[in-house]
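Data first, discussion second: the structure below is written as structure tokens.
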Amino acid sequence: QVQLVQSGGGLVQPGGSLTISCAASGSFVAIGNMDWYRQFPGKSRELVGRTTHVGITTYADSVKNRFTISRDNAANTVLLKMNDLKPEDTAVYYCHAIIRINTVFDEYWGQGTQVTVSS
């Protein structure tokens, strides 16, 4: 069974940093795009950033130059490093990936990680 398992996150003061990791486990052929989303209370999930299999990465304007996505294809992991965090970054963060099992591509979500930015 394919899973995305997240770790990290928590409480940080404004201006601080946090890193969330996401690891894919199970039996699969390949992983395509790996993304980070976040969800504010009462809102839909929004895309924070995306990295392709070859490492092309894009970010939402709200996090550009503060957040960095890095990917390790050998370890099937993706990291979200968040710097200069602001209270408005408080949300539940989810990793998301397109994963190929045999000939079928499907999408998978991590379990979500709470990030709270508060003094």
Side-chain angles (χ1 to χ4, degrees):
Q1 182 179 357
V2 175
Q3 285 185 306
L4 295 177
V5 179
Q6 297 177 218
S7 61
L11 173 65
V12 66
Q13 292 187 340
S17 299
L18 278 177
T19 298
I20 310 172
S21 65
C22 175
S25 64
S27 179
F28 49 85
V29 175
I31 303 176
N33 291 348
M34 300 186 83
D35 316 315
W36 286 99
Y37 283 77
R38 64 186 179 184
Q39 188 169 22
F40 303 110
K43 303 289 188 181
S44 301
R45 293 180 190 179
E46 66 176 37
L47 182 65
V48 173
R50 168 168 294 156
T51 181
T52 69
H53 177 72
V54 296
I56 298 172
T57 306
T58 55
Y59 300 92
D61 287 344
S62 58
V63 306
K64 206 172 290 185
N65 300 319
R66 299 189 298 123
F67 289 12
T68 302
I69 295 174
S70 58
R71 175 173 179 163
D72 184 338
N73 286 332
N76 298 315
T77 58
V78 62
L79 301 181
L80 176 65
K81 181 168 176 58
M82 302 175 285
N83 293 325
D84 190 24
L85 281 159
K86 307 175 187 298
E88 54 263 39
D89 294 316
T90 296
V92 179
Y93 286 72
Y94 296 89
C95 66
H96 170 266
I98 304 298
I99 299 178
R100 178 184 169 189
I101 300 175
N102 296 320
T103 60
V104 177
F105 287 87
D106 207 347
E107 59 176 339
Y108 293 83
W109 291 91
Q111 78 273 22
T113 300
Q114 177 69 46
V115 170
T116 302
V117 185
S118 175
S119 54

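Please read these numbers as outputs of a predicted model, since none were measured by experiment. Only this structure's heavy atoms are used, side chains among them; waters, hydrogens and symmetry mates stay out.
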Check the pair Arg45, Trp109 against side-chain contact (heavy atoms from CB on, under 4.5 Å), reporting the backbone distance first and the verdict last.
CA-CA 12 Å; Arg45 293 180 190 179; Trp109 291 91; 3.0 Å; yes

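- Applying the salt bridge (Lys or Arg N to Asp or Glu O under 4.0 Å) test to pairs two or more places apart or on separate chains, those with a residue in residues 17-42 are Asp35-Arg50, Arg38-Glu46, Arg38-Asp89.
- Annotation: side chain of Val54 is in contact with side chain of Ile56 (closest heavy-atom distance under 4.5 Å).
- Ser70 has its side chain out of reach of Val78: every pair of non-hydrogen atoms, C-beta onward, lies at least 4.5 Å apart.
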Thr116 vs Thr90, test: side chain to side chain donor-acceptor pair (under 3.5 Å). Steps then yes/no.
CA-CA 5 Å; Thr116 302; Thr90 296; 5.3 Å; no

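- With hydrogens and angles disregarded, no donor-acceptor distance shorter than 3.5 Å links the side chain of Asn76 to the backbone of Ser25.
- Note: Ser44 OG to Gln39 CD = 7.0 Å, rounded to the nearest 0.5 Å.
- Interatomic distance, SG of Cys95 versus CD of Gln111, reported as 7.0 Å (0.5 Å rounding).
- The distance from atom CD1 of Ile99 to atom OH of Tyr108, rounded to the nearest 0.5 Å, is 6.0 Å.
- Pairs engaging residues 95-114 under the salt bridge (Lys or Arg N to Asp or Glu O under 4.0 Å) rule: none recorded [sequence neighbours left out].
- Between Trp36 and Phe67, a ring centre-to-centre spacing not shorter than 6.0 Å is recorded.
- A side-chain donor-acceptor contact under 3.5 Å links Gln6 to the backbone of Tyr93.
- Annotation: side chain of Leu18 is in contact with side chain of Val115 (closest heavy-atom distance under 4.5 Å).
- A distance of 12.0 Å separates CE of Met34 from CG of Leu80, quoted to the nearest 0.5 Å.
- Between Ala97 and Leu4, the closest heavy-atom pair is N-CD1, 3.7 Å.
- A distance of 9.5 Å separates CG in Leu11 from OG in Ser119, rounded to the nearest 0.5 Å.
- In terms of modelled atom types and a separation under 3.5 Å, the side chain of Tyr59 and the main chain of Ile69 share a donor-acceptor contact.
- Atom NZ of Lys64 has more than 12 heavy atoms from other residues, nucleotides or ligands within 6.0 Å.
- Counted by atom type alone, Ser17 and Asn83 present one or more donor-acceptor pairs between their side chains at under 3.5 Å.
- How far OG1 of Thr58 is from CG of Asn33: 8.5 Å, rounded to the nearest 0.5 Å.
- Note: the hydrophobic cluster containing Met82 also contains Val12 (ILVMFWY, side chain heavy atoms under 4.5 Å, direct or indirect links).
- At a threshold of 4.5 Å between side-chain heavy atoms, the hydrophobic network of Ile, Leu, Val, Met, Phe, Trp and Tyr places Val117 and Tyr37 in two separate groups.
- Looking at Lys86 and Arg66, their side chains come closer than 4.5 Å, going by heavy atoms from C-beta outward.
- Shown here for Ser21 and Leu79, the closest heavy-atom pair between the two residues is CB-CD2, 3.3 Å.
- Note: the hydrophobic cluster containing Leu47 does not contain Ile20 (ILVMFWY, side chain heavy atoms under 4.5 Å, direct or indirect links).
- Note on Tyr94: it does not cluster hydrophobically with Ile31, by side-chain heavy-atom contacts below 4.5 Å among ILVMFWY residues.
- Put simply, the side chain of Pro87 reaches to within 4.5 Å of the side chain of Pro14, judged on heavy atoms.
- Side-chain atoms of Asp72 come within 3.5 Å of backbone atoms of Ala74 as a donor-acceptor pair (strictly under, hydrogens ignored).
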